[in-house]
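Okay, here's the structure, questions in a sec.
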Amino acid sequence: MLQKPRGTRDFLPEEMEQRRSIEQRMREVARRWGYREVCTPDFEHLELFTMKSGEGIIQEMYVFEDKSGRKMTLRPEVTAAVLRMYVNEGRVIPKPIRWCYFADCFRYERPQKGRYRQFWQFGVELIGADTALADAEVIMLADDMLRSTGVTFDLHVGHLAPMKHILSGLDPGDQGLIMACLDKHDLEGLEAVLAARGLSHLAEPLAALSGCRSVDEVFEVTGDVPERTRIEETFGILDSQGVSYRPDFGIARGLDYYTGTVFEGFARNLGAENQILGGGAYRLAHLFGGEDVASCGFAIGFDRVMVSLGEVELPHESVVGVVCTPEARTRALQVARAFREAGIRAEVDLMQRGLSAQVAHAAKTAEFVVIVGKREVEAGTVTLKNLSTGEQKEMGLEDAIAGVAGHGHR
RNA sequence: GCCAGGGUGGGGUAGUUGGUUAUCCUAAGGGACUGUGGAUCCCUCGACCCGGGUUCGAAUCUCGGCCCUGGCCCCA
């Protein structure tokens with residue numbers, strides 16, 4: 001049998017309905033905050049992503065040549081494309097620009113729990129507002145959106161300036177190593193790296209920074225930094241609005257293009273792949289030929305949210321099985337149409353089953369059965385049977401529709 | 001890329017000192033049953049991940065690959 005490609009999934013209707021339901025909650029939150037949906041191509045010029053993230057990412061993307069020999073790739077993320085779109089056609093739009101997207105992305109990596117080669121991200125980008133409130137809004141939106149799904153998570157918020165201040169003057173390679181240790185809160189590894197480079201005097205401030213649980217403590221470690229006022233204002237807004245988060249000034253990994261505020265979210269009940277949110281303030285537009293513009297955004301790992309949530313309860317939907325005898329088929333199709341026009345899901349037998357088998361089948365898949373046979377055709381009625389109670393009654397079509405509509409939601 | 005554990009009908013499983021036609025449950029289709037229920041009974045459909053090796057004989061042993069699961073690395 002032909003297998004699906006590695007790291008991809010098929011979704012049966014039951015799972016799709018759950019996914020759409022959670023997606024809809026996220027969309028609704030984005031809408032309320034004024035973030036309008038955009039869509040970019042599933043594939044882009046390879047250059048778009050190498051410009052943003054370097055040549056090293058090529059091995060982790062689905063790269064191909066099109067028939068004209070252009071280097072293309074399936075998108076591994078959406079932010080670069082949104083900023084390209086902004087540079088291409090968004091520059092004349094009044095600022096700030098609030099955009100969101102829900103899109104599948106592709107990365108050629110080893111699959112594991114919560115990590116797939118095709119996966120979905122729900123993200124937002126706020127473009128053109130360079131204020132503390134802009135950063136805070138995006139964080140509050142991320143928090144609101146994750147809460148709407150019901151996922152249990154921890155929100156970490158930080159800023160890159162304090163760490164960069166301590167590390168200023170070191171060579172970039174060493175900075176990277178040190179930041180990786182801090183990001184993992186690996187203090188032993190940190191000490192080893194520092195000792196090997198004769199930088200042991202940095203161990204104490206870096207460890208202190210990693211342990212900071214409030215903004216005040218950060219500046220006790222670093223002293224004044226130019227970004228201090230902005231940082232204090234951002235965190236102050238979050239505090240004033242009762243956002244539940246943990247200050248984390250060790251956030252550092254994989255964030256080369258972030259410029260200031262950074263934040264991450266972690267699902268509490270997932271294993272190794274538990275990060276469900278990543279975002280921050282960045283500047284990218286200049287890479288794609290635009291004027292430099294401040295932006296802030298995030299992406300939610302939709303599939304991980306779904307793994308974390310497990311089974312999602314869906315609203316009840318009444319289903320009607322329309323059952324008929326052969327001579328009543330024309331009338332039965334009219335009856336089914338009338339139910340559908342009233343917004344009720346109605347299904348007819350396609351298998352030429354006998355009446356008994358039709359009812360038995362409906363009992364597996366529906367709450368109601370509407371029987372249309374010779375008797376009903378002659379009387380101009382239908383028989384409505386409630387399959388959960390077993391009650392049945394012959395009545396007019398309008399009454400039957402009202403009876404079903406009054407039963408469930410939707 | 002690294003480590004570990006796994007792959008038997010659509011789903012779940014039994015079966016490995018190598019030995020007939022591979023077990024059971026479930027789902028699906030049909031029938032018993034031509035105007036009324038998921039029961040019952042009967043029938044049908046349907047699997048040893050792929051390839052090489054050892055052997056008279058491989059689901060079982062062996063090698064390679066593919067895929068899945070958990071962890072590491074990475075994570076734009």
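Proteins get letters first, then strands, A, B, ... in listed order; numbering begins at 1 in each.
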Answer yes or no: does a side-chain N or O of A/Arg6 lie under 4.0 Å from OP1 or OP2 of B/rC68?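 For B/rC68, OP1/OP2 do have a side-chain N/O of A/Arg6 under 4.0 Å.
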To the nearest 0.5 Å, how far apart are NE2 in A/His159 and NZ in A/Lys164? 9.5 Å
Measure the distance from NZ on A/Lys113 to C1' on B/rC68 and round it to the nearest whole Å.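 My rounded result for the distance is 14 Å.
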What is the pairing partner of B/rA4, taking Watson-Crick or G-U wobble pairs with both distances under 3.5 Å in any strand?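 In the structure as shown, B/rA4 has B/rU69 as its Watson-Crick or wobble partner.
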Indicate, with yes or no, if the rings of A/His156 and A/Tyr245 have centres closer together than 6.0 Å. no
Is there, by distance only and without an angle test, a donor paired with an acceptor across the side chain of A/Arg110 and the base of B/rU69 below 3.5 Å?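 Answer yes: a donor N or O sits under 3.5 Å from an acceptor.
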Base versus backbone protein contacts along nucleotides 28-41 of chain B [heavy-atom cut-off under 4.0 Å; B, S, -]: SSS----BBBB---
Given atom CG of A/Asn274 and atom P of B/rC75, what is their separation to the nearest angstrom? 15 Å
Please confirm whether the shortest side-chain N or O distance from A/Lys184 to OP1 or OP2 of B/rC74 is below 4.0 Å.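 For B/rC74, OP1/OP2 do have a side-chain N/O of A/Lys184 under 4.0 Å.
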Between side-chain atoms of residues 362-373 of chain A and protein atoms elsewhere (two or more places apart, or another chain), which donor-acceptor pairs fall under 3.5 Å?
residue: A/Thr365; atom: OG1; partner: A/His361; partner atom: O; Å: 3.4
residue: A/Glu367; atom: OE1; partner: A/Val319; partner atom: N; Å: 2.9

Any salt bridge linking A/Lys71 with A/Glu65? Criterion: basic side-chain nitrogen under 4.0 Å from a carboxylate oxygen. yes
Find the distance A/Asp10:CG to B/rG10:P and express it as a whole number of Å.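 The answer, rounded to whole Å, is 14 Å.
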What's the CD-P distance between A/Gln112 and B/rC3, to the nearest Å? 15 Å
Checking A/Asp104 now: which residues fulfil salt bridge (Lys or Arg N to Asp or Glu O under 4.0 Å) with it, not counting sequence neighbours? A/Arg75
Any chance the rings of A/Phe102 and A/Phe302 have centres within less than 6.0 Å?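 Yes, the ring of A/Phe102 comes within the 6.0 Å limit of the ring of A/Phe302, centre to centre.
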